[in-house]
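Okay, so here's the structure we're looking at.
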Amino acid sequence: MDFGFCLSPSSHVKMDSVDLTTFNRLKETNPDINTCIACGSCTATCTAGHFTEMSFRRILLMLQRGKEDEAKKMIQRCMLCGKCTLVCPRGINIRKILLDITR
Amino acid sequence: MKENILIIGGGAAGMEAATQLHKMGLNPIIIEKSEALGGHIAQWDRLFPAFHPAKDVVDKMLDQVKGIDVRLNTEVVDIQRDNNGFHAVLSNNEKIDAQAVILATGFDVFKAERKQEYGYGIYNNVMTSVELEKFFRTGKDDRINHPKRIGFVHCVGARDVKVCNTYCSKVCCTTALKQACEIKEVFPDAEVYTFYMDLRMFGPGYEDLYLKTQKDFDVKCVRGRVCEVSEDMDGKLVIKAEDTLFGKPLKMTLDLLVLMCSMEKNKSIDAIQQKLGVANNSDGFMQNKDMYLGMNDTAQDGVFVAGACTAPKSLPDTIGEARSVATQVYNYLNR
């Protein structure tokens, strides 16, 4: 019998079990990946971001919080125009990192 | 006869003010309640932003005060004022007459047990920034056994209405990143996280330290305040915070948690401060005349303030104020 009750899964990010393999692999060839200060410039200027959820800042976080599949899905929105790389105040080579993630 | 200036407090502010006044030909007298000069900074290992040894600076300051009248293990127990100046009674029953008084009484470190949710004094592996600094200096602390994962909590006892401290303590952000780098130096294979709300890297070279923290030391800065700490069956710490940039709560196990404790007003001087007629400001620190041109002056003529007794301050701030208070005192005596 269905009483209309259910268990919701925890929305906590469980940092103890996050797999950082992809992020750490990226870090080896792109050490500037660590220097993001989450200013949001990349997202604000993103051509795809005006019409979709695309946000490089969030992609970096997703990789560090165990949401690699979501990150890879989001990257598909990128049109590789490179405006994000132009505006980044930390000089992160975002376009290259985006390409490296999908490699 | 040289004019006496009573300086209460023998930390960075008191020592530097005394040095300058001495050079001006006046007679500063430092009253220090503890057994040594140097104050908090003498307990510190290295200074931000460039990891300069604190001892270096302290030794230079100590060298400069050689030949200056210093009373250690002494407190001012009473002070009166009349037309001839100030008349202080010390805890050793000595009486000192002075033409001006400088309050350089500095700060107290916030008592971390007051933020009970962080578990300081309850869980073994929670320590304060001051204790970590001591570990860097001495290499000894029973709580630090090759931690694999270390967390730093910013703003402990600051920007927090619940402990009645709404102010920012100014130096803890930079100190946290400095200490995060240092602990990573000691334990290179450890993961280090800092939990911040804003990173206030306000000074020259501080932003460079931030970049270095991220790039060279691989410290992970998470924006979000740790809300609670508990202990699991193995004695490890389980913390909860929201990653506010990611928009999700997170949970992680840590081997060591460091609380970045704020500065609070040093209350041991309250009775003397009251007798001198100096009020407190809304943050509980001493009230100066105004924050721009009157930062060393108080409502009382002849009573001056310098250093962290008026607000949380960095060492360069304090030294700057100590030098400016000397000028103010000099001008006051020669008016």
Side-chain angles (χ1 to χ4, degrees), chain A residues 8-44 46 49 53-74 88-94 96-97, chain B residues 148-151 173 177 180-181 184 189-201 206-224 226-230 232-234 236-255 257:
Chain A
S8 306
S10 165
S11 65
H12 267 109
V13 176
K14 291 176 189 62
M15 292 296 283
D16 293 352
S17 50
V18 166
D19 178 11
L20 289 170
T21 319
T22 306
F23 187 79
N24 288 338
R25 173 178 61 82
L26 278 171
K27 204 161 64 184
E28 277 168 30
T29 45
N30 304 282
D32 50 355
I33 202 167
N34 265 351
T35 64
C36 174
I37 46 173
C39 70
S41 299
C42 51
T43 311
C46 179
E53 293 284 294
M54 175 65 193
S55 163
F56 175 71
R57 175 184 78 73
R58 284 189 66 80
I59 286 174
L60 277 190
L61 273 173
M62 284 171 179
L63 292 177
Q64 293 174 83
R65 302 288 180 263
K67 308 278 181 200
E68 193 172 326
D69 293 346
E70 279 179 48
K72 284 186 167 160
K73 211 169 140 196
M74 190 181 266
C88 178
R90 287 291 217 197
I92 303 172
N93 194 345
I94 299 172
K96 178 178 179 294
I97 292 169
Chain B
K148 288 271 174 268
R149 225 184 215 176
I150 303 149
C173 277
L177 295 196
C181 293
K184 189 87 182 175
D189 57 340
E191 274 180 79
V192 181
Y193 289 85
T194 72
F195 294 88
Y196 69 97
M197 292 182 288
D198 305 281
L199 275 176
R200 299 185 163 177
M201 312 302 287
Y206 299 9
E207 195 65 31
D208 299 330
L209 172 66
Y210 180 20
L211 189 61
K212 200 185 275 186
T213 307
Q214 291 177 310
K215 204 169 180 170
D216 302 342
F217 291 90
D218 200 14
V219 171
K220 297 169 184 2
C221 302
V222 181
R223 196 186 77 181
V226 172
C227 69
E228 60 178 77
V229 181
S230 52
D232 69 9
M233 282 164 68
D234 307 320
K236 293 195 174 208
L237 300 165
V238 181
I239 60 141
K240 282 183 190 171
E242 188 197 345
D243 182 344
T244 59
L245 290 171
F246 194 49
K248 279 202 163 50
L250 55 81
K251 218 175 169 177
M252 72 163 89
T253 312
L254 297 172
D255 300 311
L257 187 68

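Values below: every heavy atom of this structure, side chains too, minus hydrogens, waters and symmetry copies. A, B, ... follow the sequence lines: proteins, then strands. Residue 1 opens every chain.
Among residues 53-65 of chain A, the residues having any heavy atom closer than 4.5 Å to a heavy atom of chain B are, in sequence order, A/Arg57, A/Arg58, A/Leu61, A/Met62, A/Arg65. Contacts from residues 30-39 of chain A to chain B, taken as heavy-atom pairs separated by less than 4.5 Å, involve A/Pro31, A/Asn34, A/Thr35, A/Cys36, A/Ile37, A/Ala38 in sequence order.
In this structure, B/Phe217 and B/Val192 have side chains that are not in contact, with every pair of non-hydrogen atoms separated by 4.5 Å or more. By the 4.5 Å heavy-atom criterion applied to side chains, B/Cys221 and B/Tyr196 are counted as neighbours. The shortest distance between side-chain heavy atoms of B/Tyr206 and B/Leu199 does not fall below 4.5 Å. By the 4.5 Å heavy-atom criterion applied to side chains, A/Val13 and B/Asp243 are not counted as neighbours. Side-chain contact check for A/Arg90 versus B/Leu211: some heavy-atom pair is nearer than 4.5 Å.
Nearest heavy-atom pair across A/Cys88 and A/Ile94 is CB-CD1, 4.0 Å. The two residues B/Thr194 and B/Ala180 have their closest heavy-atom pair at CG2-CB, 4.2 Å. Residues A/Leu26 and A/Ile97 come closest through the heavy atom pair CD2-O, 4.1 Å.
For residues 13-27 of chain A, the salt bridge (charged side-chain N to carboxylate O under 4.0 Å, His left out) pairs, not counting sequence neighbours, are A/Asp16-B/Arg149, A/Lys27-B/Asp218.
Applying the side chain to side chain donor-acceptor pair (under 3.5 Å) rule to B/Asp234 yields no partners; only residues at least two apart in sequence or on another chain are considered.
Your options are B/Lys240, B/Lys251, B/Lys215, and the one with the most heavy-atom pairs under 4.5 Å with chain A is B/Lys251.
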